[in-house]
Amino acid sequence: MTVIVLSGPVGAGKSSLTSILSKYLGTKPFYESVDDNPVLPLFYKDPQKYTYLLQLFFLNTRFHSIKKALSDDNNVLDRSIYEDSLFFHMNADIGRANKLEIQTYDELLDSMMKELDRMPKKHPDLLVHIHVSYETMINRIQKRGRSYEQLTFDPGLEDYYKRMLRYYHQWYEDYDYSPKMVLDGDKYDFMASQSDREEVLAEITAKLKQMGKLPKNWQAGEIARKAIEIGQ
Ligand SMILES: Nc1ncnc2c1ncn2[C@@H]1O[C@H](COP(=O)(O)OP(=O)(O)O)[C@@H](O)[C@H]1O
Ligand SMILES: Nc1nc2c(ncn2[C@H]2C[C@H](O)[C@@H](COP(=O)(O)O)O2)c(=O)[nH]1
């Protein structure tokens, strides 16, 4: 049973790579709740008011999806539960949560993590972090086109995203729940370039192999190769 979690800031390419990687490995993808998240647009409109509610919403949905993912055989998750805390504390640091909310959130997260002790496994086998520069992040956010994430919607998002990149830098340095690896999200265009896509997948499978987490005779067969052809 191998659980892979992707991490990275907004627009890094987590959802896209979750889809590609899960098809390639023949495993199940688990996505975070975005389009069906009623609080997300409210948060971007009025972060002061909705930070706490959004965080509870994400924690709740992520917890359910993690519980499912950790009891399944093999799967790939788009974002880790550890990043929830990064987001909440980043927002709290800019004054969007009060002391009581911070304390309640931290205690709730702690209880939920303890609850995961009862699962067949608590942490992923591998964290794949996608590193991107500010320029790449903004280009990808524009390309995806969710209106409330655009700088034109709120110019204050420039500071928010730059802060996010700094917090992520430190977060990745400190992360030690599982083996980890970083991909250069600026360098690889795994959406448009077939060779970039194959290189990224080769990096990940090499790491899994080195960890003994790839079935011994696993190699990309015809089905896997077909699944990762651009345009599939
Ligand atoms: N490596 C990449 N190269 C070029 N475009 C990418 C890359 N990764 C993602 N994209 C594009 O950037 C946008 C955001 O990607 P997405 O996977 O939704 O990011 P995330 O889930 O990390 O927020 C999408 O339009 C996607 O097609
Ligand atoms: N305030 C928070 N926002 C979060 C959290 N998790 C995700 N998000 C936001 C960021 C994006 O606008 C959107 C989807 O994230 P992607 O990185 O997949 O684009 O949701 C959170 O915990 N707190």
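Only this structure's heavy atoms are used, side chains among them; waters, hydrogens and symmetry mates stay out. Start at 1 and go down the list; that is how both ligands and their atoms are numbered.
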Would you indicate whether the side-chain heavy atoms of [Y] and [X] approach each other to under 4.5 Å?
| X | Y | answer |
| --- | --- | --- |
| L56 | L108 | yes |
| L59 | F88 | no |
| V34 | R146 | yes |
| L17 | V200 | yes |

Inset, instruction - Give a yes/no on ligand 1: does G11 have at least one heavy atom closer than 4.0 angstrom to it? - result: yes
Protein heavy atom at shortest distance from [atom]:
| atom | answer |
| --- | --- |
| atom 3 (N) of ligand 1 | D189 OD1, 3.0 Å |
| atom 4 (C) of ligand 2 | F58 CE1, 3.4 Å |
| atom 21 (O) of ligand 1 | S15 OG, 2.7 Å |
| atom 23 (N) of ligand 2 | Q55 OE1, 3.0 Å |
| atom 14 (C) of ligand 2 | E32 OE2, 3.4 Å |
| atom 17 (O) of ligand 2 | K14 NZ, 2.7 Å |
| atom 2 (C) of ligand 2 | F87 CD2, 3.4 Å |
| atom 5 (N) of ligand 1 | K143 NZ, 3.0 Å |

Atoms in ligand 2 with a heavy atom of [X] nearer than 4.0 Å:
| X | result |
| --- | --- |
| R79 | 6 (N), 7 (C), 15 (O), 16 (P), 17 (O), 18 (O) |
| L40 | 9 (C), 13 (C), 20 (O) |
| R144 | 19 (O) |
| N91 | 1 (N) |
| E149 | 11 (C), 12 (O), 13 (C) |
| L54 | 1 (N), 2 (C), 3 (N) |
| V34 | 14 (C) |

Inset, instruction - Compute whether any side-chain donor of one residue and acceptor of the other, for S178 and H123, lie under 3.5 angstrom apart. - result: no
I'd like to know whether ligand 2 has [X] as a neighbour, heavy-atom separation below 4.0 Å.
| X | value |
| --- | --- |
| R62 | yes |
| Y44 | yes |
| E83 | no |

Could you tell me which atoms of ligand 1, counted from 1 in the order shown, lie closer than 4.0 angstrom to a heavy atom of [X]?
| X | value |
| --- | --- |
| Y188 | 1 (N), 2 (C), 3 (N) |
| K14 | 17 (O), 19 (O), 20 (P), 21 (O), 22 (O), 23 (O) |
| G13 | 8 (N), 9 (C), 15 (O), 16 (P), 17 (O), 19 (O), 20 (P), 22 (O) |

Inset, instruction - Measure from NZ or CZ of K162 to the centre of the six-membered ring of Y134, then state whether that distance is under 6.0 Å and the direction lies within 45° of the axis. - result: yes
Inset, instruction - Is it possible for you to check whether K180 lies under 6.0 Å from the centre of the six-membered ring of Y172, through NZ or CZ, and within 45° of that ring's axis? - result: yes
Inset, instruction - State plainly whether one hydrophobic cluster holds both M191 and Y31, where clusters connect Ile, Leu, Val, Met, Phe, Trp and Tyr through side-chain heavy atoms under 4.5 angstrom apart. - result: no
Legend entry - Parallel, tilted or perpendicular, as decided by the 30° and 60° cut-offs, for the rings of Y177 and Y175: perpendicular
Inset, instruction - Look at the rings of H129 and W171 and say which category their plane angle falls in: under 30° parallel, 30 to 60° tilted, over 60° perpendicular. - result: tilted
Legend entry - Derivation and outcome, side-chain hydrogen bond (donor to acceptor under 3.5 Å, both in side chains), residues S195 and E198: CA-CA 5 Å; S195 59; E198 283 166 17; over 6 Å; no
Legend entry - Candidate pair D93 and H89, rule side-chain hydrogen bond (donor to acceptor under 3.5 Å, both in side chains), full reasoning: CA-CA 6 Å; D93 288 350; H89 282 279; 5.3 Å; no
Legend entry - Of V76, L126, L25, D125, the residue whose pairing with T2 passes side-chain contact (heavy atoms from CB on, under 4.5 Å): D125
Of the listed options ([options]), which comes nearest to [atom] when hydrogens are ignored and any heavy atom counts?
| atom | options | result |
| --- | --- | --- |
| atom 18 (O) of ligand 1 | M191, R144, M137, K187 | R144 |
| atom 26 (C) of ligand 1 | S19, S16, A12 | S16 |
| atom 7 (C) of ligand 1 | E32, R146, R140 | R140 |

Inset, instruction - Please confirm whether G185 comes within less than 3.5 Å of ligand 1 when only nitrogen or oxygen atoms on both sides are compared. - result: no
Inset, instruction - Report yes if D78 has an N/O atom closer than 3.5 Å to an N/O atom of ligand 1; otherwise report no. - result: no
Legend entry - Check against ring pair (Phe, Tyr, Trp, His ring centres under 6.0 Å), F43 and Y50: CA-CA 5 Å; F43 165 79; Y50 288 105; 8.6 Å; no
Inset, instruction - Check step by step if salt bridge (charged side-chain N to carboxylate O under 4.0 Å, His left out) holds for E149 and R144. - result: CA-CA 10 Å; E149 291 174 346; R144 183 171 58 198; 2.9 Å; yes
Inset, instruction - Decide salt bridge (charged side-chain N to carboxylate O under 4.0 Å, His left out) for R163 and D159; before the verdict, give the C-alpha distance in whole Å, the side-chain angles of both, and the deciding distance to 0.1 Å. - result: CA-CA 6 Å; R163 179 183 283 265; D159 282 348; over 6 Å; no
Legend entry - Region of F43 that comes within reach of ligand 2 [heavy atoms, distance under 4.0 Å]: side chain
